[in-house]
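Computation of the quantities below employed the complete heavy-atom set of this structure, encompassing side-chain atoms and omitting hydrogens, waters and symmetry-equivalent molecules.
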Protein chains: 2
Amino acid sequence: MKRTQKTSSRSADDATEKGRPQMADLARLAGVSVATVSRALNGSALISKDTRERIEELARSLNYSINIGAKNLRLKQNRTIAVVIPYDRVSRQHISDPFFLAMVGSLADAITERGFDMLLSRVDAESLDSAADLYNSGKAIGIILIGQWRHHDQLNQMAAKRMPIVVWGTQIPQQLYCTVGGDNMAGGAMATRHLLERGYRRIVFIGDPQLAEVTYRHQGYVEALAAYGLQPDPQLLVCVPFDANEARAGINRLCEQGVSFDAVFACSDVMASAASQVLHLHGRTVPDAVGVVGYDDIEWASHCNPPLTTVRQPIGAAGAELVDALLCVIDGVVVVPRVLPVELVVRSSTRPDPG
Amino acid sequence: MKRTQKTSSRSADDATEKGRPQMADLARLAGVSVATVSRALNGSALISKDTRERIEELARSLNYSINIGAKNLRLKQNRTIAVVIPYDRVSRQHISDPFFLAMVGSLADAITERGFDMLLSRVDAESLDSAADLYNSGKAIGIILIGQWRHHDQLNQMAAKRMPIVVWGTQIPQQLYCTVGGDNMAGGAMATRHLLERGYRRIVFIGDPQLAEVTYRHQGYVEALAAYGLQPDPQLLVCVPFDANEARAGINRLCEQGVSFDAVFACSDVMASAASQVLHLHGRTVPDAVGVVGYDDIEWASHCNPPLTTVRQPIGAAGAELVDALLCVIDGVVVVPRVLPVELVVRSSTRPDPG
DNA sequence: ATGAAAGCGCTAACAT
DNA sequence: ATGTTAGCGCTTTCAT
């Protein structure tokens, strides 16, 4: 059967032809077998130094690089990690939030550093199965999912099918998958406590407590208030997804309704910054009339005007942690969810310590 | 030779075992040959509707998904596009600039939309060959490079080797590779003209004209000045790479040296925002004392305080254009460099029209 | 309409 | 130290 005309017609000078050279070419040119070439290129001890060097030299001169696909197939291995960013149709959360983008950057670094390739894909969160496909089809050996949103159950199902998956998010009781995330409760508490310490009392909370991570931030908020003998006022809850416009609208509504407040704690810097802007338009100065605290500490938080007091999430470390966790999961090691420390960064969107 | 114990031991209920099912499993379970399964799953007209449906059903119930690697090897095809972000050791430009990150997001969308996978990697710009490897090893069918930096020659060499590559950047005489980029000359000119129209006269330029894109923006700047009968003052050139801190330091120096200026045109919003901040510290108000114009129109430009007047680059469209261009190059179609229109977005960092 | 068998580019067990 | 050969999971020609 000679369907393989192309191959069978490969002549001696073939390597210089259009197609990239392959082992067979090197073998022919070096006058050895393909096996020898394979071994030489893989640094097998079986090959004489002489032969190896000759082959290596040849490979270099032909600009040969091994066909990873074939190698992977043969070895049933794979060095690709899929990073998935679900976008939520409902909340219309898009990939554009700088926090997520920064996370992608951090992951790119961490994955590259460990000698893996990173496959980035966006998937409709309503059909996370298509993320599963990345694994099932052998495109990747594991999946890192950024944000757990409302998809706890789907994630549990995937994990139940022994899919190697790690999620940036928060630990939820009875979860089967591994999460890595910031300490949301502590973050919510330290932001709120800071505002209280600076003399603010009526603190607006911006965020959707239905989202797992926000749940805990809100809990921290409530606890910090309680420590000051305060009750959370439902009027002060602006329940919106991570979105600048929604946050803007929310604060705007509050102002127009004449709800009294003297501080804002937003669950992302993007929303905090948006809030800050709206307040400005209403003639309420930050930090004097209203104190503002954000979340994430994305780069621009320090470039804002005024620079944002915020809860820093360790984005740089997060990438590394996620990848390490995933590699453990792949190795079958049980990994307990990891909670990364967060840190309050005090800038100028809250007024100086009165004490 | 029974090295393949695992395989040969695959029993009838094998598909439920740990390993993911493959065509052989479906074939056995359906009582047909692998060839039939393959054809059925690929919708071949040769297969009777009956058989096809039976096999499709089986595949679904077993949660089968085809091994892409094997398919690609056999078909010598591939649906992966590599996106490369070089980082420049010299300028220390990192992946963190929101503009690049936004571009990654845009590319992810465009690539996904066309049914391809996106491989994201960071490479040391000094050794762009490692980017070439992505293609040579068959990991990807083509490369999209974000930013041409100082690597014109290397890129030309890669293109000369018939590597499918498209670069986000600017057209340079005698380039062998295809570029897609904003209209930098027009952008530089419209930013400068705007400042002049608003009554500013001594305009600082922040950016490194050695970088191809900046070269043209600076040229536009010079031309716009000339149209007003002005000469560019070398004192007003802050020659720094795309970096907030460098920009900050640059403006700071100018202030301390007492160089007189009443406006700033920065080659990125990040730098513009940084400049704005430093000016604030020096007690110079934006836009009254100093007008500021940025570049890119990243999301936060509108959330800044004051919101930034800037030159919008069509980030959303850019992703699609880059991918389309690459697919053309891959098809062997000659693609002329594409220049995307840019647009001035007037906000509050420049004072109102006096006219 | 279906099956047998070859082969995509590579590795490794088994020769020698 | 090197060659021979089978096979990774799939598609397709050729035969039936």
Side-chain angles (χ1 to χ4, degrees), chain A residues 1-10 14-15 19-28 30-55 59 62 64-79 136-139, chain B residues 1-10 14-15 19-28 30-55 59 62 64-79 136-139:
Chain A
M1 190 196 66
K2 278 294 169 220
R3 175 174 38 69
T4 41
Q5 256 190 297
K6 216 198 267 174
T7 301
S8 62
S9 78
R10 289 179 83 91
D14 193 48
R20 285 153 291 184
Q22 37 191 241
M23 278 197 182
D25 299 314
L26 299 193
R28 202 165 5 77
V32 297
S33 74
V34 212
T36 301
V37 175
S38 171
R39 288 194 269 247
L41 260 28
N42 284 304
S44 159
L46 290 173
I47 302 297
S48 75
K49 197 184 165 201
D50 195 56
T51 325
R52 171 165 54 254
E53 282 173 356
R54 195 158 46 90
I55 293 178
L62 288 186
Y64 170 80
S65 66
I66 200 172
N67 181 319
I68 285 286
K71 177 171 184 162
N72 284 346
L73 178 58
R74 179 59 237 242
L75 259 34
K76 289 167 166 267
Q77 75 169 12
N78 188 325
R79 292 191 69 83
N136 288 328
S137 67
K139 281 179 190 168
Chain B
M1 190 196 64
K2 279 292 169 219
R3 176 172 40 64
T4 42
Q5 254 190 297
K6 216 197 271 174
T7 301
S8 61
S9 77
R10 288 179 85 89
D14 192 48
R20 286 152 291 185
Q22 36 191 242
M23 278 197 182
D25 299 315
L26 299 193
R28 202 165 4 79
V32 296
S33 72
V34 227
T36 301
V37 175
S38 172
R39 287 194 269 248
L41 260 27
N42 284 304
S44 158
L46 289 172
I47 302 296
S48 75
K49 194 184 168 201
D50 195 56
T51 323
R52 171 167 52 253
E53 282 172 355
R54 196 158 44 89
I55 293 178
L62 288 186
Y64 170 80
S65 66
I66 199 171
N67 181 318
I68 285 285
K71 176 170 186 164
N72 284 345
L73 178 59
R74 177 63 236 238
L75 259 31
K76 288 166 167 267
Q77 76 170 10
N78 188 325
R79 292 189 72 81
N136 288 328
S137 67
K139 281 179 190 168

* Asked: Between Ile66(B) and Val34(A), who's closer to the 5' end of DNA chain D by nearest nucleotide?
  -> Val34(A)
* For Asn72(A), what residues pass the side chain to side chain donor-acceptor pair (under 3.5 Å) criterion, not counting sequence neighbours? -> Gln77(A)
* Identify, with sequence neighbours excluded, every residue that meets side chain to side chain donor-acceptor pair (under 3.5 Å) alongside Lys139(A). =>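 Listed in chain order: Asp117(B).
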* Straight-line distance of Arg52(B) CZ to Asn42(B) CG, nearest 0.5 Å -> 11.0 Å
* To do: Enter the distance from Leu46(B):CG to Thr51(B):OG1 here, rounded to the nearest 0.5 Å.
  =>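 One finds 11.5 Å between CG of Leu46(B) and OG1 of Thr51(B).
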Tell me the interatomic distance from [X], atom [atom1], to [N], atom [atom2], rounded to whole angstroms.
| X | N | atom1 | atom2 | answer |
| --- | --- | --- | --- | --- |
| Leu73(A) | dG7(D) | CG | C1' | 9 Å |
| Leu26(A) | dG9(C) | CG | P | 13 Å |
| Asn67(A) | dG7(C) | CG | P | 18 Å |
| Met23(B) | dA5(C) | CE | P | 19 Å |
| Arg28(B) | dG3(C) | CZ | P | 14 Å |
| Leu75(A) | dG7(D) | CG | C1' | 12 Å |
| Ile68(B) | dC10(D) | CD1 | P | 10 Å |
| Gln77(B) | dG7(C) | CD | P | 20 Å |

* To do: Just jot down the side chain to side chain contact (heavy atoms under 4.5 Å, CB included) partners of Arg79(A), sequence neighbours excluded, or say none.
  => Phe116(A)
* To do: Go through the structure and list residues passing side chain to side chain contact (heavy atoms under 4.5 Å, CB included) with Ala35(A), not counting sequence neighbours.
  => Ser33(A), Arg39(A)
* Asked: How far does the helix from dA1(C)-dT16(D) to dT16(C)-dA1(D) bend, going by the axes of its first and last five pairs, to the nearest 10°?
  ->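 Answer rounded to 10°: the end axes differ by 40°.
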* **Within residues 36-51 of chain A: residues closer than 4.0 Å to DNA chain C (heavy atoms)** =>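 Within residues 36-51 of chain A, the residues near DNA chain C are Ser38(A), Arg39(A), Asn42(A).
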* Without swapping roles, check the side chain of Arg20(B) against the backbone of Ile66(B) for a donor-acceptor pair under 3.5 Å. => no
* Looking only at atom types and distance, does a side-chain atom of Asp25(B) sit under 3.5 Å from a main-chain N or O of Pro21(B), one as donor and one as acceptor? ->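 No; judged by distance alone, with no hydrogens or angles, the pair does not exist.
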Side-chain N or O of [X] less than 4.0 angstrom from OP1 or OP2 on [N]?
| X | N | result |
| --- | --- | --- |
| Lys71(B) | dG9(D) | no |
| Tyr64(A) | dG9(C) | no |
| Lys76(B) | dG9(C) | yes |

* To do: Output the single nucleotide from dC10(D), dA12(C), dC10(C) whose closest atom is nearest the side chain of Ala35(A).
  => dA12(C)
* Between dT12(D), dG7(D), dG3(D), which nucleotide has the shortest distance from any of its atoms to the side chain of Arg74(A)? ->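 Nearest to the side-chain atoms of Arg74(A), counting from C-beta on, is dG7(D).
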* To do: For residues Leu41(B) and Ala59(B), report the shortest heavy-atom separation together with the two atoms involved.
  => CD1-CB, 4.5 Å
